[in-house]
Structures are given as C-alpha cells and as structure tokens.
Amino acid sequence: MGSEAVKMVDETDHFTLVGVVDRINGGQLLNDLPGFTSKAKIFTELIECFQETKPDVLIDLTTPDIGKEHTIKALEYGVRPVVGTTGFSEQDLEELTNLTEKQGIGAIIAPNFAVGAVLMMKFSQMAAKYFPDVEIIEQHHDQKLDAPSGTGLKTAEMIHEVREEKRQGHSEEKELISGARGADYHGIRVHSVRLPGLVAHQEVLFGGDGQTLKIRHDSYNRASFMSGVKLCVETVMKIDVLVYGLENIIE
C-alpha cells in the first residue's frame, strides 16, 4: 500500500512528493530503491520529515496504534492527515475530532479507500431498509491482523443505523462449534475469512420472502485503493473537520 501510494503521488501532476518515512531505508533517496524514480528523501522519523519538508498532507497506511500516533503528530504540526488504518475506537475518533477542531485543519480516516467498496457499503445501507435479515462475509489475505476488517465493521455500523435490531435465525439455534455463526453486531452476523491468495473482498447477503440480494466488491490489487487516496488528499485540503469514512465525501 505504501509503495502504491508513493507511485500515485509521484504520478499525479498537481501533487508533489516531498518525503517518505521508512525506518529501514532512512537516509537514502527514494530513487535509490528499485522501482522508484522520485528523488524524495526517506526519513526514519516522522517529526524529522515534518520539520524538514513542511508537507501539506500526510498519507498514513500503517497500523491502528501507529496510525493514531501519526495522526496526532500531524495535526499538532499543522499537517492534514489522510489515514487508511482501521481499528480506531469511538474514543479515538472523539479525541481526534477535538484535535482537528482545535487546530482548525481537516483530517480524513477511511477504513477502505476503494471507491467500489464504499459504494458497496452505501448500497448495503440502502438495501437494509427493506431487507433487515443480513449477513456480512469479508475475505482478506492471511497476513491481515484485525478481524472483522474495518470495511466489514463499518458496513455493519452503517446498516445498524437504518435497521431495527433483531435476532436472526431460529430462536432455538445452537452453535455446535463456538463462533460458527460469526460475530454478532446488533443482530448482524459478520464472518471473517483469511486465506493466502486473497486481497480484499466482501459480500453482503440479504434474505427476504422468496428472494435474496447479494452486494459484492472485490479488490484484486493495492492499486484499486489509490483513486480513493487521491480523492481524500484533494478533499482534505478543503475541509477543517475530521471525516470518518470515504462515503461521507462521495456524492
């Protein structure tokens, strides 16, 4: 994801790549590494990068703990963060919202940068008004650390906003193996699949009288997320609040 983001910024005419943070290759220039042409400097520490390059935007694609730390540092230095890390708690989001308001600059946190995935979530929310029986199956590569995925959880949250809570399945249903029915989010079942060969895939299944509805999105490579990253970088320069979720900036 980081390599794809670097290439996207470098290839976008109205973007300028001023620095990269990488603890392994710090001190080199980006074009010292195979596959890159930019002469941007690679920094070991984020603050050093901020102080030397004075960027407008930070693109962060790390982990929840590091992503939160980087977001706070960026806001404190007046840099607008675009964060693709999942796993932020409601308390984290409240803290970051307060900080963006204090600093008067925008920030965007997106559980999924793929525009198609965001449309899948929006369409699922629309469908849930008419099909309250729903289950989510999200599938990712076997190196993913969080389950369910940020997209799976965000989809469940969006559906919950428009769906009355209900228990699905038979009232006397029993799991013969614990977890067989998946996680339970306000009555919405969420199933996580982790296998080599997968990238990022999700299917939302709705059931009704004599019919089913399936809404599915598949990302086959990391480049599929870059159109959303680009949109967020352009948008974050125009706002002064925290936005959580790409669906909030797509018409």
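Note that the coordinates shown come from a computational prediction; the quantities given were computed from them, not determined experimentally. Heavy-atom basis, side chains included; hydrogens, waters and symmetry copies ignored.
Shown here for Tyr244 and Glu157, the closest heavy-atom pair between the two residues is CE2-OE1, 4.5 Å. The heavy-atom pair separating Gly19 from Phe43 by the smallest distance is CA-CE1, 4.2 Å.
A side-chain contact (heavy atoms from CB on, under 4.5 Å) with Ile59 holds for exactly one of Val20, Val6, Val233; it is Val233. Thr155 pairs in a side-chain hydrogen bond (donor to acceptor under 3.5 Å, both in side chains) with only one of the listed residues (His160, Gln125, Gln202), which is Gln202.
For His141 (side chain) and Lys144 (main-chain N/O), a donor-acceptor pair under 3.5 Å exists by modelled atom type. Under the 3.5 Å distance criterion, the side-chain polar atoms of Gln103 are left unmatched by any main-chain donor or acceptor of Gly78. Not a single donor-acceptor pair under 3.5 Å links the side chain of Glu138 to the backbone N or O of Gly152. Within the 3.5 Å criterion, the main-chain N or O of Ser149 finds no donor-acceptor partner in the side chain of Asp146. Of the possible polar contacts, one joining the Arg163 side chain to the Pro132 backbone as a donor-acceptor pair under 3.5 Å is found. A donor-acceptor pair is defined here as one N or O able to donate and one able to accept, closer than 3.5 Å; such a pair exists between the side chain of Arg80 and the backbone of Ile239.
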Side chain to side chain contact (heavy atoms under 4.5 Å, CB included), that's the test. Do Val134 and Gln168 meet it? Break it down for me. CA-CA 8 Å; Val134 53; Gln168 296 180 178; 4.0 Å; yes
Between Asp56 and Met237, does a side chain to side chain contact (heavy atoms under 4.5 Å, CB included) hold up when you go through it step by step? CA-CA 8 Å; Asp56 294 313; Met237 293 299 298; 3.9 Å; yes
Could you walk me through whether Thr62 and Asp60 pass side-chain hydrogen bond (donor to acceptor under 3.5 Å, both in side chains), step by step? CA-CA 6 Å; Thr62 55; Asp60 184 275; 2.7 Å; yes
Side chain to side chain contact (heavy atoms under 4.5 Å, CB included) between His14 and Glu234, intermediate numbers included: CA-CA 10 Å; His14 56 289; Glu234 293 168 337; 2.8 Å; yes
Side chain to side chain contact (heavy atoms under 4.5 Å, CB included) between Phe88 and Leu96, intermediate numbers included: CA-CA 10 Å; Phe88 285 90; Leu96 295 172; 3.8 Å; yes
Would you please test Glu95 and Asn98 for side-chain hydrogen bond (donor to acceptor under 3.5 Å, both in side chains) and show each step? CA-CA 5 Å; Glu95 179 182 349; Asn98 293 335; over 6 Å; no
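For the pair His191/Ile136, no side-chain contact is recorded, criterion being any heavy-atom separation below 4.5 Å from C-beta on. Between Val199 and His140, the closest side-chain pair of non-hydrogen atoms is not below 4.5 Å. Using a 4.5 Å heavy-atom threshold, the side chains of His186 and Arg167 count as separate.
Summarising the local packing, CD of Glu175 is surrounded by more than 12 heavy atoms from other residues, nucleotides or ligands at distances under 6.0 Å. More than 12 heavy atoms of other shown residues, nucleotides or ligands fall within 6.0 angstrom of atom CD in Glu165.
The hydrophobic cluster containing Met121 also contains Leu119, counting ILVMFWY residues as joined when their side-chain heavy atoms lie under 4.5 angstrom apart, directly or transitively.
The pair Asp92-Lys68 meets the salt-bridge criterion, since a charged nitrogen lies less than 4.0 angstrom from a carboxylate oxygen.
Applying the salt bridge (charged side-chain N to carboxylate O under 4.0 Å, His left out) test to every pair with at least one member in residues 118-133, sequence neighbours left out, gives these pairs: Asp133-Lys166.
Donor-acceptor pairing under 3.5 Å is lacking for the side chains of His217 and Glu203.
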